[in-house]
A.B. asks: 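Starting off with a structure, shown below.
Residue numbers begin at 1 in each chain, while the letters A, B, ... track the order of the sequences. It should be emphasised that the depicted structure is a prediction, and the values quoted were computed from it without experimental measurement.
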Protein chains: 2
Amino acid sequence: MPEIAVQREDTRTLVLDAALKLFTDRGYFATSVHDISRTAGVSVGSIYHHFGDKEGLARALYTTLTARMLQLIDEIERQMDSSHDRARELVTRLFVLTETQPQAMAFMLYARHREFLPDEPPVCSSRPFARIREMVSRGMARGEIRQMDAMVASTCLFGGSIRMITARLDGILPHPLPTYLDEVWTCAWRAVAAS
Amino acid sequence: MPEIAVQREDTRTLVLDAALKLFTDRGYFATSVHDISRTAGVSVGSIYHHFGDKEGLARALYTTLTARMLQLIDEIERQMDSSHDRARELVTRLFVLTETQPQAMAFMLYARHREFLPDEPPVCSSRPFARIREMVSRGMARGEIRQMDAMVASTCLFGGSIRMITARLDGILPHPLPTYLDEVWTCAWRAVAAS
DNA sequence: GTCTATATCATGATAGAC
DNA sequence: GTCTATCATGATATAGAC
C-alpha cells in the first residue's frame, strides 16, 4: 500500500511545497496564485478548492510549520533534563534545520506574517516561543539561570542564535551554521548563566 | 537662494513621512501610491515626479534612514573610547529611538527590504552593520572582547538587544525598552567580555 | 512643480464543464 | 476533485492642462 501512490503526490502537499518555496524566495505579495499553480503543477481551481483563498494557503503553511516546531520542542524536553542541555540542544537542532530546510526556517522566523496574516499573533508570541520562555523560567527557578525578567532572559539566551540564523538565511555567513555552534553557545550561556 | 518656505513643508519630506508611516503600519505591498497621496496631502503626479516610481520612494526612505544611523554611530565613536562604552551607548540610543521613532526603527530592521528593494543588499550587510562589526573587531584587538569569529561576536553582543527591539515593536513588551536596559546590557556584555 | 483624469495590466477569485 | 476560461477590481504609471 505505501508505494502505490508514487505516480502523483498529494495535491495539498504539492501546493504547500510550492507556496513555501515561492513565498520565501520572492515574498508573499510578489507571488501570484498563478505562479503557485505553475510551480506545483496544479490548477488554480484546485488550489482555491483546497485552501479557500490565498490567505488560507498561507495560514495552512503557518500552522503546519508551527506544529512541527512544537513537536521538536516536545522531543527535546523528553530527552533532556536541565535547562542548559535543553537550550543547547534546541539551538543545535535549529542550526541543522536551517541548513536542511532553509525555507521552512525563513518562513517561521523571518516572514512578516503580520502583513498577510493579520489575525495571527506575532511570531514571538506564538506557542513555540511561549514554550521556550517557560523553559527559561524553569531554569531560573532551578537556579541554573540568573534571576531576571523572563522575557529578557529568553531573548538574551536565544537572540544571538536567532540573529545568526537570519544572517545565514541572508547569505552573509560563509560557513554552515553548525560551524559556529560552539562559539555561539558559549556566548549565549555566559549571557544568562547563574555561575 | 533659500526660499523661506515655512508656509508649506517640503513636498518630499511630506511624502517620505507618509510613506514611512503607511509602509510600517500596513506593509509596503498593502500600501498603494494613492494611499500615500491621500495621507501626505500631495497628488499622485507629484509623487511620481519626485521619486520616479514606488520603488524609488522606498529606496529614498531606505537611504535616508541608513544615513541617519551612520551619523548616530559616528557621534558615538567621537564621544566614547572603549568598545564597552560605545556598544552600551549604542544600545541605549537604539532603545530610546525605538520609543520615540518606532516607525523608523521598524523600517530599518524589521522590514523585508529584499522583497521590494531587490537590488539593495540585506540589512545585516548594509554599512551601519558593517561599522558595528568593525567596532567589535577593535574590541577584540584591544583585549576587551574574547577572541572569536567577528561575526559571531557582534551577533551575540547585539542579538539580544535587537530581539528586544523587535519584540517591543510587535507590542509584546509591557514596559518601554529603557526599563530593561540594565538587565539586557549585563547579559550582552557577559556574553562576549574577556574577563 | 502640482494637479486631475485616464490608460494599461496583473491579480485574486469564480463559473461551470468534466 | 480537477480543470480552463473568464470576470471584476484595483494597482502602477502616464498624459497633459495649469
A.B. asks: Using atom CD1 of A:I36 as one end and atom C1' of C:dT11 as the other, report the distance to the nearest whole Å.
C.D. replies: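 Result: 12 Å.
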A.B. asks: Can a side chain N or O of B:S46 be found less than 4.0 Å away from OP1 or OP2 on C:dC3?
C.D. replies: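 Yes, B:S46 has a side-chain N/O under 4.0 Å of OP1/OP2 on C:dC3.
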A.B. asks: Over how many whole Å does the gap from B:R12 atom CZ to C:dT2 atom P extend?
C.D. replies: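 For the pair B:R12 CZ and C:dT2 P, the rounded distance is 11 Å.
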A.B. asks: Considering only distance and modelled atom types, tabulate donor-acceptor pairs under 3.5 Å from the side chains of residues 96-104 of chain B, sequence neighbours left out.
C.D. replies:
unit_1, atom_1, unit_2, atom_2, d
B:T98, OG1, B:L94, O, 2.7
B:E99, OE1, B:R168, NH2, 3.1
B:E99, OE2, B:R168, NE, 2.9
B:E99, OE2, B:L177, N, 2.8
B:T100, OG1, B:V96, O, 3.2
B:T100, OG1, B:L97, O, 3.4
B:Q101, OE1, B:R68, NH1, 3.0

A.B. asks: Figure out the CD/C1' separation between B:E55 and D:dA13, and round it to whole Å.
C.D. replies: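 For the pair B:E55 CD and D:dA13 C1', the rounded distance is 14 Å.
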A.B. asks: OP1 or OP2 of D:dT2 sitting under 4.0 Å from any side-chain N/O of A:T11?
C.D. replies: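 Checking A:T11 against D:dT2: at least one side-chain N or O falls below 4.0 Å of OP1 or OP2.
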A.B. asks: Got a sec, which residues hit side-chain contact (heavy atoms from CB on, under 4.5 Å) with B:F51, two or more places apart in sequence or on another chain?
C.D. replies: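 B:F51 satisfies side-chain contact (heavy atoms from CB on, under 4.5 Å) with B:R12, B:V15, B:L16, B:I47, B:L57, B:A60 once adjacent residues are dropped.
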A.B. asks: Show me the protein contacts with nucleotides 16-18 of chain D, counting only N or O atoms at under 3.5 Å.
C.D. replies:
none

A.B. asks: In terms of side-chain heavy atoms of B:H50, which of C:dT4, C:dG1, D:dC3 is nearest?
C.D. replies: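 For B:H50, the side-chain atoms sit closest to C:dG1.
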A.B. asks: Mind checking side-chain contact (heavy atoms from CB on, under 4.5 Å) for B:A150 and listing every partner two or more places apart, or none if nothing turns up?
C.D. replies: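 So B:A150 forms a side-chain contact (heavy atoms from CB on, under 4.5 Å) with B:S137, B:M140.
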A.B. asks: Which atom pairs, donor and acceptor, lie under 3.5 Å between side-chain atoms of residues 151-167 of chain B and protein residues at least two apart or in another chain?
C.D. replies:
unit_1, atom_1, unit_2, atom_2, d
B:T155, OG1, B:M151, O, 2.7
B:T166, OG1, B:R163, O, 2.9

A.B. asks: Identify, with sequence neighbours excluded, every residue that meets side-chain contact (heavy atoms from CB on, under 4.5 Å) alongside A:A67.
C.D. replies: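 Per chain and number, A:A67 pairs via side-chain contact (heavy atoms from CB on, under 4.5 Å) with no residue.
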A.B. asks: Using nucleotides 10-12 of chain D, report all nitrogen or oxygen pairs with the protein that are shorter than 3.5 Å.
C.D. replies:
unit_1, atom_1, unit_2, atom_2, d
D:dT12, OP1, B:K54, NZ, 2.9
D:dT12, OP2, B:V33, N, 2.9

A.B. asks: Which residues satisfy the side chain to side chain donor-acceptor pair (under 3.5 Å) test with A:Y110, sequence neighbours excluded?
C.D. replies: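 Listed in chain order: A:D170.
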A.B. asks: Rounded to the Å, how far apart are A:F51 CZ and D:dG1 C1'?
C.D. replies: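 One finds 13 Å between C1' of D:dG1 and CZ of A:F51, rounded.
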A.B. asks: Output yes when at least one side-chain N/O atom of A:H49 is less than 4.0 Å from OP1 or OP2 of C:dT14, else no.
C.D. replies: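 Answer no for this pair, as no side-chain N or O of A:H49 is under 4.0 Å from OP1 or OP2.
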A.B. asks: Please check this pair: side chain of B:R114 against backbone of A:R26, looking for a donor-acceptor N/O pair closer than 3.5 Å.
C.D. replies: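 The answer is no, because no donor-acceptor pair under 3.5 Å joins these two groups.
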A.B. asks: With sequence neighbours left out, write down each residue that passes salt bridge (Lys or Arg N to Asp or Glu O under 4.0 Å) with A:E144, or none if nothing qualifies.
C.D. replies: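 Checked A:E144 against salt bridge (Lys or Arg N to Asp or Glu O under 4.0 Å); matches are A:R142.
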A.B. asks: Can the positive tip of A:K54 be found less than 6.0 Å from the middle of the six-membered ring of A:F116, inside 45° of the ring normal?
C.D. replies: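 So A:K54 doesn't make the cation-pi contact.
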A.B. asks: Whole angstrom is fine here: how far is it from CZ in B:R38 over to P in C:dC3?
C.D. replies: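 Rounded to the whole Å, the gap is 14 Å.
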A.B. asks: Would you kindly give the CG-to-P distance between A:L57 and C:dA13, to the nearest whole Å?
C.D. replies: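 For the pair A:L57 CG and C:dA13 P, the rounded distance is 11 Å.
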